[in-house]
Amino acid sequence: MIVGDKTINRHDQILRFDISNYNHQLLWEGNLNSIYYDQAEIKSRLLSLHKPCYVVQVGDRIGITNEGYLSTINTPKSQQTKLLVFVPPISTKQLGNRSFLSCYGVKFAYATGAMAGGIASEEMVIALGKEKILSSFGAGGLSPNRVEAAINNIQQALPNYPYAFNLIHSPAEPEIERAVVDLYLKYGVRIVEASAFLDLTPNIVYYRAAGLSLNAANQIEIKNKVIAKISRREVASKFMQPAPTKILKELIAQRLITELQANLAAKVPIADDITTEADSGGHTDNRPLVCLLPSIMALRDEIQQKYAYEQPIRVGAAGGIATPQSALAAFMMGAAYIVTGSINQSCVEAGTSQYTKQLLAQAEMADVMMAPAADMFEMGVKLQVLKRGTMFGLRGQKLYELYRNYNSLDDIPLSEREKLEKQIFRQSIDEVWEKTTAFLLQRNPKKLAQAATNSKLKMALIFRWYLGLSSRWSSSGEKGREVDYQIWCGPGMGSFNDWVRGSYLAELTNRRVVDTAHHIMIGATYLHRIQTLKIQGLEISDYYNQYLPIA
């Protein structure tokens, strides 16, 4: 029934409608028996995303159907019904930017980010790649030999499917960063996710420029794609602009790129895509996505106006993307694609221990904290980690306080040194230094030579022994060291756990990266349909605002 000019339907029924939005021109034609009025059937019709959805009034009842068709011709049958609102079919590939799909050969605008140390494992990349979902292998912190093995495994499994590899900025080990770039060029790795960069380095410019050429139509062909993960405008600006002339000249002088490639590099941006990283696990500035994403998109528009790139840079969203609601929010703000991180670490395919996965599955949104980053310890850079079930965050902070307050280990009070050896290192400082020396002789002998005359650097390297191993203990499941596990995690992990509670994904053995991706994207698409109906005036109960994963 119509109450005044405002609402159709009785309070004891399921749907209500704001009559001010009523469209009197379109009619619905179809079988009245295809219209459903009870809660479960209505939700089933709403979830049939591949079909149109019609909301019609029959007498004093409002129902929903996926059948029938729109008409402008009034017939006796259409006079029995009143079309209130309708939405067309919708699919997951309609969310985000279509050019992201064609550029990377994927089925929807969703990717999984690299988690260092191989946590974003070969198994994860391969499982997602076979479903045409882009995933980045976590090469950060791994030796070049280990990265090379991963390249061979993934390329063999995914000869015609999408995959990416991470290139993490390594200010303390530029030789490692360069060695990884050499591997990517040697094996034809065509998509790189660049992360933790504070500035452009010759290595990322080399990778980009080395893949530039002219095609038969004399157009610039970009073979080496770069997805830059950033959280600051000043860093994003560097990746959105062409490569600096100074670096290009250096690469030419080293005979790493040609004059032609340098000229082409001056006409295209360093990155094809910018992943706006908000409050994420690992390296993060804890910035809110609702503030950061619009700012980076505005910057992109400014730079596009200046350079008029043939293909404008896409801007995606990461950090806290853990549910259909957060995914849809990012898309509605204009994100070209979304990237998930922390939530994949609790999945079966993640390269970390079962104990760590169990801790992640129990995490709530507030169970995270900031702690010193091993790779940028001396710079004071921090990353976000899980604090529930582990003492790493507090112990890492203690190490940085000591580093900041003292110039050498000898300056640290004896009582504090004893606590280090007993509670954190569980061995003498001399034993830690012996192991650090053995590691650096293989990995970075220059750094070891510098420490011989720099007592503060020596202290930093000893502290980094604990910071570096703690993440490996977490990945390998080191027995007896559980309290020291370094587990990169953002608040999105708690949000994900809240969402899947009571569903089959609550069980660790059921958490697979492909299922997680599908349910987030299908859920976001479903919620888009719900919001579209609401905007048109349909008043619908909160029951329909939830999408729960069903196996």
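Here Glu148 pairs with Lys186 in a salt bridge; the nearest charged N to carboxylate O distance falls below 4.0 Å. Remark: Arg287 does not engage Asp279 in a salt bridge, criterion side-chain N to carboxylate O under 4.0 Å. Between Asp285 and Arg232, at least one side-chain nitrogen of the basic residue sits less than 4.0 Å from a carboxylate oxygen of the acidic one, meeting the salt-bridge criterion. Between Glu173 and Arg464 there is no salt bridge, since no side-chain nitrogen of the basic residue lies less than 4.0 Å from a carboxylate oxygen of the acidic one.
The aromatic rings of His519 and Tyr547 are tilted relative to each other, their planes meeting at an angle between 30° and 60°.
A heavy-atom distance below 4.5 Å is not found between the side chains of Arg512 and Cys347. Taking the side chain as every heavy atom from C-beta outward, Met240 and Arg300 approach each other to under 4.5 Å. Contact annotation: the side chain of His50 never approaches that of Ser91 to less than 4.5 Å [non-hydrogen atoms, C-beta and beyond]. Put simply, the side chain of Leu251 reaches to within 4.5 Å of the side chain of Val205, judged on heavy atoms. With a 4.5 Å cut-off on side-chain heavy atoms, Cys489 and Val385 do not count as touching. For the pair Ile520/Ile343, a side-chain contact is recorded, criterion being any heavy-atom separation below 4.5 Å from C-beta on. By the 4.5 Å heavy-atom criterion applied to side chains, Gln362 and Asn497 are not counted as neighbours. Ile133 has its side chain out of reach of Pro162: every pair of non-hydrogen atoms, C-beta onward, lies at least 4.5 Å apart.
Here the CG atom belonging to Leu289 is positioned 4.0 Å from the CE atom belonging to Met333, to the nearest 0.5 angstrom. Atom OH of Tyr309 sits about 6.5 Å away from atom CD1 of Ile303, to the nearest 0.5 Å. Atoms CG and CG, from Leu457 and Leu461 in turn, are 4.5 Å apart once rounded to the nearest 0.5 Å. Rounded to the nearest 0.5 Å, atoms OG1 (Thr112) and CD (Glu349) are 10.0 Å apart. Summarising the geometry, atom OG1 belonging to Thr92 is positioned 12.5 Å from atom NE2 belonging to His528; distances are rounded to the nearest 0.5 Å. Atom-to-atom distance recorded for Arg233:CZ and Ile274:CD1 is 12.5 Å, nearest 0.5 angstrom.
Contact record, Ser237 with Leu299: N-CD2, 3.8 Å, taken as the closest heavy-atom pair. Here the closest non-hydrogen pair linking Lys223 and Ser213 is CE-OG, 4.1 Å. A pairwise comparison of heavy atoms in Ala336 and Ala109 identifies O-CB, 3.4 Å as the closest pair. Nearest heavy-atom pair across Ala194 and Ile204 is CB-CD1, 4.1 Å. Contact record, Leu158 with Gly129: CD2-C, 3.9 Å, taken as the closest heavy-atom pair. In terms of heavy atoms, Ala266 sits closest to Leu248 at N-CD1, 4.5 Å.
If you check the side chains of His283 and Asp375, you find a donor sitting under 3.5 Å from an acceptor. The closest side-chain donor-acceptor pair between Glu434 and Thr437, if any, does not fall under 3.5 angstrom. No side-chain donor-acceptor contact under 3.5 Å links Glu221 and Asn215. Residues Glu193 and Ser136 have side chains that bring a donor and an acceptor to within less than 3.5 angstrom of each other. Side-chain contact, Thr340 with Tyr110: a donor N or O sits under 3.5 Å from an acceptor N or O. Looking at Tyr307 and Gln241, their side chains do bring a donor and an acceptor atom within 3.5 Å of each other. Defined by atom type and a distance below 3.5 Å, a donor-acceptor pair is present between the side-chain atoms of Ser353 and Thr356. Between the side chains of Thr390 and Asp484, no donor N or O sits under 3.5 Å from an acceptor N or O. A donor-acceptor contact under 3.5 angstrom links the side chains of Ser99 and Arg314, judged on distance only. Side-chain atoms of Thr201 and Tyr206 include no donor-acceptor pair closer than 3.5 Å.
At most 12 non-hydrogen atoms from other residues, nucleotides or ligands lie less than 6.0 angstrom from CD of Gln305. By the 6.0 Å contact criterion, CD on Gln254 is enclosed, its count of non-hydrogen atoms from other residues, nucleotides or ligands being greater than 12. The neighbour count for Leu441 CG, taken as heavy atoms of other residues, nucleotides or ligands under 6.0 Å away, is above 12. More than 12 heavy atoms of other residues, nucleotides or ligands shown are found within 6.0 angstrom of NZ on Lys225. At most 12 non-hydrogen atoms from other residues, nucleotides or ligands lie less than 6.0 angstrom from NZ of Lys93. For Lys238, the NZ atom counts as loosely surrounded, since its 6.0 Å shell holds 12 or fewer non-hydrogen atoms of other residues, nucleotides or ligands.
Between the Lys357 side chain and the Ala350 main chain, a donor and an acceptor come within less than 3.5 Å of each other. Proximity of a side-chain donor or acceptor of Ser471 to a complementary backbone N or O of Gly468 within less than 3.5 Å is detected. With hydrogens and angles disregarded, no donor-acceptor distance shorter than 3.5 Å links the side chain of Arg472 to the backbone of Gly117. No donor-acceptor pair closer than 3.5 Å links the side chain of Gln384 to the backbone N or O of Met370. Under a 3.5 Å cut-off, the side chain of Asn444 and the backbone N or O of Leu440 do not form any donor-acceptor pair. Thr275 contributes no side-chain N or O that, together with a main-chain N or O of Glu277, makes up a donor-acceptor pair within less than 3.5 Å. No donor-acceptor pair under 3.5 Å is formed between the side chain of Asp367 and the backbone N or O of Ala363. In this structure a side-chain-to-backbone donor-acceptor pair under 3.5 Å is present from Arg208 to Pro269.
Residues that satisfy the ring-ring contact (aromatic ring centres under 6.0 Å, His included) test with Phe496, not counting sequence neighbours, are Trp499.
Tyr485 pairs in a ring pair (Phe, Tyr, Trp, His ring centres under 6.0 Å) with only one of the listed residues (Trp473, Phe392, Tyr355), which is Tyr355. Of the residues listed (Val226, Ile313, Ile227), the one engaging Asp273 in a side chain to side chain contact (heavy atoms under 4.5 Å, CB included) is Ile227, and it is the only one.
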side-chain hydrogen bond (donor to acceptor under 3.5 Å, both in side chains) between Ser143 and Asn145, worked out: CA-CA 5 Å; Ser143 69; Asn145 288 340; 5.3 Å; no
Residue pair Arg501, Glu507: steps toward the salt bridge (Lys or Arg N to Asp or Glu O under 4.0 Å) verdict: CA-CA 9 Å; Arg501 188 172 292 114; Glu507 293 295 327; over 6 Å; no
Tyr163 and Ser135: CA distance, side-chain angles, deciding distance, side-chain contact (heavy atoms from CB on, under 4.5 Å) verdict: CA-CA 5 Å; Tyr163 65 88; Ser135 178; over 6 Å; no
query: What's the verdict on side-chain contact (heavy atoms from CB on, under 4.5 Å) for Ile338 and Met521, showing C-alpha distance, side-chain angles and the deciding distance?
result: CA-CA 10 Å; Ile338 58 173; Met521 288 299 292; 4.0 Å; yes
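Ring centroids of Phe100 and Phe108 are separated by 6.0 Å or more, keeping the two rings apart. Between Phe165 and Tyr184, the distance separating the two ring centers is shorter than 6.0 angstrom.
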